[in-house]
Number of protein chains: 2
Amino acid sequence: MNKPTVTVGTDNSLRTPEEITLDPSDWQTFRKLAHQALDEAIGFVENVRERPVWQAVPQEVRDQLSGSLPIEGTPIDEVYREFKETIMPYATGNIHPRFFGWVHGSGLPGNIVAELLGAAMNCNCGGRDHGAIYVEREIISWSKELFGFPTESGGLLVSGTSMANLIAIGVARNSVDKNIRVAGLGALQKGLTAYASAEIHESALKALEILGLGSSCLRKVGLNSDFSIDIAALRQRIAEDRAAGYQPFCVIGCAGTVNSGAIDDLDQMASLCAKEKIWFHVDGAFGALCMMSKRLRSRLKGIELADSLAFDFHKWAHVQYDAGCVLVRSGDLYRETYTSRPDYLHQIGRGLGAGGDWPCDFGPELSRSFRALKVWFAFKEHGADRIGELIDQNCAQAEYLAGRIKAEPLLELLTPVTLNIVCFRFIKDGLNDAALDRLNEDIVADVQESGVAAPSTTRIRGRLAIRANITNHRTHRSDLDTFVDAVLLAGQLR
Amino acid sequence: MNKPTVTVGTDNSLRTPEEITLDPSDWQTFRKLAHQALDEAIGFVENVRERPVWQAVPQEVRDQLSGSLPIEGTPIDEVYREFKETIMPYATGNIHPRFFGWVHGSGLPGNIVAELLGAAMNCNCGGRDHGAIYVEREIISWSKELFGFPTESGGLLVSGTSMANLIAIGVARNSVDKNIRVAGLGALQKGLTAYASAEIHESALKALEILGLGSSCLRKVGLNSDFSIDIAALRQRIAEDRAAGYQPFCVIGCAGTVNSGAIDDLDQMASLCAKEKIWFHVDGAFGALCMMSKRLRSRLKGIELADSLAFDFHKWAHVQYDAGCVLVRSGDLYRETYTSRPDYLHQIGRGLGAGGDWPCDFGPELSRSFRALKVWFAFKEHGADRIGELIDQNCAQAEYLAGRIKAEPLLELLTPVTLNIVCFRFIKDGLNDAALDRLNEDIVADVQESGVAAPSTTRIRGRLAIRANITNHRTHRSDLDTFVDAVLLAGQLR
């Protein structure tokens, strides 16, 4: 089509005297402050070893962070000063080499650059036709490649695996009956049931609750000794449910459980689901990225057969928070669940309103930040191989830590170390289980409060465990020695 | 309690020769690159008027953004150069003073600083006890204050109003029957029904679909001439549904519709809901922030009575994407819907695992970025009054634009201008409605492609409209003149 060209005077920046803006009145002063902040931000990461892993927010700071809505503005250099006093010293701690709590990535200095650039562009990645959308498509394409998903599958960047689980299980639910989207679940004759190992992450339950299926629809299946799902028990439970009139619709495989890093036999689960015609979803929050490790990827065999997959870039790829991803094998079923285009989002063939699939077609969010940019910077700068090597390093460090624990008479290893998570406890003669639970909870808090290291807690077969997760590219073996020393000291001081 | 103190040698940073990291090998070189990027990022915003509002991503750039997963790394200065060539020039456009598409905020230079600092801290705001959690609580507290919500209400920062609607309507659904969370919707005897004006945002429908209620449960109620909901028709529809055996559970009020910025009579809706014992949710995506305008806040009367409220900081408060918020009056009902604490998230009295309510107790997300920081910087630097004055300025500019349109014989205003949105079209003798629709769609694409301005399209009473939304702190009246000139020229060239 021959397009007419619109050109009018565009250098028109006349401002009526009363017109105001939120831009700085003096860009040079602003620029100076921004460079100072950048310098200190980089120093904050570079010198992280000089600080405690974590420190509690003091009461006077909590009070300062309980103020009223600001009515008047404050010069940004004063705002920055307040930030440095009341916020910056009290970070979560996960950028520190001795942060071993929960499963937290440690972040990338290069992502400071990505985030400041993203903030300048300030894209809204819900849809429309602009560069950020192509970057997100590229990340989704890389993800398909990494996990062996077909080109026609769909994907989306989300805050994390919890959101990804919700979105994917939503597609699984709607794939049961095309009427669900319009008519709701009331139209279903049979109760839908879902299956996962007893070690399944809580977010799957939450997803089922939000989707209106209720947490009771999830059948938690027993475990093998390595904490992976017992496939025979899974098969049997599905058969029992069918016999009782339920409609099994989704099996969730775990690629890296939170408690011990166990990986289910995804290949066998995929076969079972194919035979039973049940949706196979994989929760691969951190374990899925083992696909980048030449040593570990074979343990994920079968992941390429999943109907959907959830995982996080902010964990073992160390992308800044937050950056998760969902992939759904059938792009069509995916669109049928979430695509809807009201008049004001109507696509046109060209201009800003063009561009094929929009991210809002693949999930509940319409306003979306440009989180693809930090993933793009992370993989461009470091490459999948290097990230995979660091995964291997963390797993080797976990083995080293387990070795240290086994060698200490006062420490007891509570789970086999199969990946990067080490669960153990301090033991003391004459204490019953309840007292040992309290002691170990105290030890964890003591060690956290000391600033030396930050493990977390969980329960393994009912017993409170000190849980060390090593998803950290800054950790050295010597940090693990320091951590063990701190736990021993805390236990002995109690 | 008397706490023992753990102190061990923490200066231990010995690295075994083979241990690697993703940190820069040379921080000085990295620092230099980061400062260069910051300089250019600030310039990108400062000089935005010198560039087209938007430009299409050329095919060769699309090709470059379709590469394979990077296996090897690349020095970050080369990654940055690639970014500058293939990504930076193709932003959404909403930071430009002549971006009038959809409802997009234009961003704040100060948020570049907030984002780079947030990237350095790299907090995970799902929970635990650290500074970022207190900052988010402060933002929620400011929000309660702004909207007259009680202290005991709960709130959460989310990506935007779409997510906020989903979360709030989820609480409304579960408040009907405490068994829903566990037993799912199958246990309900009566069909639940929801109500909103015909101008309701699509995200409410999507929320109902995801929640398993089905889009058919939403009753779209007719409008007054100002595009606000017809309260008498709402009352009647509720009565009819009750008579037919349905269970009305939620009424959604609009505070600023997408098509025309109409604000429902929230006060009357609140009274009706109180009388009928129906949950009253307000979708205030951009309109709710009129609360900061001394001139406009009276039009939101009744918003303080809502059971839940969804709105965006990234729209009329210009916080960088994404930053939305949900408030729920009853903190208890809110927790009953979403709180769940598996073993590994078990709270302890002190240390990192302490801290009362965690954000993950209020929604589906567990991994969450530190988006509170940019909201904090925005309100600290500018204050609510200034942001409110800019809202007034945008509304006055919309009136000015409407005046210009009324004065042009070739342009026709399609909706009353009640806030900041102006819907109009170019008219040409001898063209029927279908032809005028095509013409106006072409005009919008022509103007976008010219780079002069970026309006969007919608349909008003079935007719395609050029839609100009002014949620932009950089727009001057002269920009609106330029925009009108561009539309007239494009129409005449066709």
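Per chain, numbering begins at 1; letters A, B, ... match sequence-line order. Given the structure is predicted, the values throughout are model-derived calculations rather than measurements.
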Give, as side chain, backbone, both or neither, the part of [X] having an atom under 4.5 angstrom from any heavy atom of chain A.
X: A490(B); answer: both
X: V45(B); answer: both
X: L373(B); answer: side chain
X: H382(B); answer: both
X: S106(B); answer: backbone
X: V57(B); answer: side chain
X: Y134(B); answer: both

Side chain, backbone, both or neither: which part of [X] has an atom under 4.5 Å from a heavy atom of chain B?
X: L33(A); answer: side chain
X: S66(A); answer: backbone
X: F379(A); answer: both

*asked:* Counting C-beta onward and ignoring hydrogens, is there a side-chain heavy-atom pair between L366(A) and S203(B) closer than 4.5 Å?
replied: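 Of all side-chain heavy-atom pairs linking S203(B) with L366(A), none is under 4.5 Å.
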
_Non-hydrogen side-chain atoms of L65(B) and R137(A) separated by less than 4.5 Å_ =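 The answer is no; the side chains never approach within 4.5 Å.
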
*Would V113(B) and F30(A) count as a side-chain contact (heavy atoms from CB on, under 4.5 Å) if you check the C-alpha gap in whole Å, the side-chain angles of each, and the deciding distance to 0.1 Å?*
CA-CA 10 Å; V113(B) 175; F30(A) 170 69; 3.9 Å; yes

Option in [options] with maximal non-hydrogen atom pairs under 4.5 Å from chain A:
options: S141(B), S216(B), G160(B), A183(B); result: S216(B)
options: I95(B), T16(B), L205(B); result: I95(B)
options: R477(B), Q393(B), E389(B); result: Q393(B)
options: F44(B), F83(B), Y80(B); result: F83(B)
options: L213(B), V135(B), L108(B), D322(B); result: D322(B)
options: A37(B), A445(B), A132(B); result: A445(B)

*asked:* Run I87(B) and M121(A) through side-chain contact (heavy atoms from CB on, under 4.5 Å) and show every step you take.
replied: CA-CA 10 Å; I87(B) 301 175; M121(A) 293 181 75; 4.0 Å; yes

So which of [options] has the biggest tally of heavy-atom pairs under 4.5 Å with chain B?
options: R181(A), E115(A), M163(A); answer: R181(A)
options: G349(A), G186(A), G73(A), G107(A); answer: G73(A)
options: S68(A), G191(A), A41(A); answer: S68(A)
options: S369(A), S162(A), G131(A), P89(A); answer: S369(A)
options: D385(A), D312(A), V447(A), L166(A); answer: D385(A)
options: L116(A), N124(A), V79(A); answer: N124(A)

When you measure from the side chain of [X] to the backbone N and O of [Y], does any donor-acceptor pair fall under 3.5 Å?
X: H473(B); Y: L22(A); result: yes
X: K206(A); Y: Y338(B); result: yes
X: T74(B); Y: E381(A); result: no
X: Q448(A); Y: L352(B); result: yes
X: W54(A); Y: D129(B); result: yes
X: E145(B); Y: L69(A); result: yes
X: W102(B); Y: R128(A); result: no

Between [atom1] of [X] and [atom2] of [Y], what distance do you get to the nearest 0.5 Å?
X: T5(A); Y: L489(B); atom1: OG1; atom2: CG; value: 9.5 Å
X: I76(A); Y: N111(B); atom1: CD1; atom2: CG; value: 8.0 Å
X: L211(A); Y: L211(B); atom1: CG; atom2: CG; value: 8.0 Å
X: Q320(B); Y: C123(A); atom1: CD; atom2: SG; value: 10.5 Å
X: I112(A); Y: L38(B); atom1: CD1; atom2: CG; value: 11.5 Å
X: R474(B); Y: D23(A); atom1: CZ; atom2: CG; value: 4.0 Å

_Assess the residue pair R386(B) and T21(A) against the criterion (side-chain contact (heavy atoms from CB on, under 4.5 Å)); give the C-alpha distance rounded to whole Å, side-chain angles, the decisive distance to 0.1 Å, and a yes or no._
CA-CA 9 Å; R386(B) 189 69 164 177; T21(A) 172; over 6 Å; no

*Where do E449(B) and R350(A) come nearest, in terms of heavy atoms and distance?*
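Closest pair (atom of E449(B), atom of R350(A), distance): OE1-NH1, 2.7 Å.
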
*What pair of heavy atoms forms the shortest contact from A34(A) to I42(B), and how long is it?*
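Where A34(A) meets I42(B) most closely, the heavy atoms are CB-CD1, 3.7 Å.
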
*For R31(B) and E46(A), what are the C-alpha separation, side-chain angles and deciding distance, and is it a salt bridge (Lys or Arg N to Asp or Glu O under 4.0 Å)?*
CA-CA 10 Å; R31(B) 220 175 259 271; E46(A) 185 181 357; 2.8 Å; yes

Verify whether one side chain among [X] and [Y] offers a donor that lies under 3.5 Å from an acceptor in the other.
X: D39(B); Y: H35(A); result: yes
X: S159(A); Y: E365(B); result: yes
X: S367(A); Y: H314(B); result: yes

*Before giving the answer on ring pair (Phe, Tyr, Trp, His ring centres under 6.0 Å), spell out for Y321(B) and F370(A) the whole-Å C-alpha distance, their side-chain angles and the decisive distance to 0.1 Å.*
CA-CA 8 Å; Y321(B) 277 89; F370(A) 187 11; over 10 Å; no

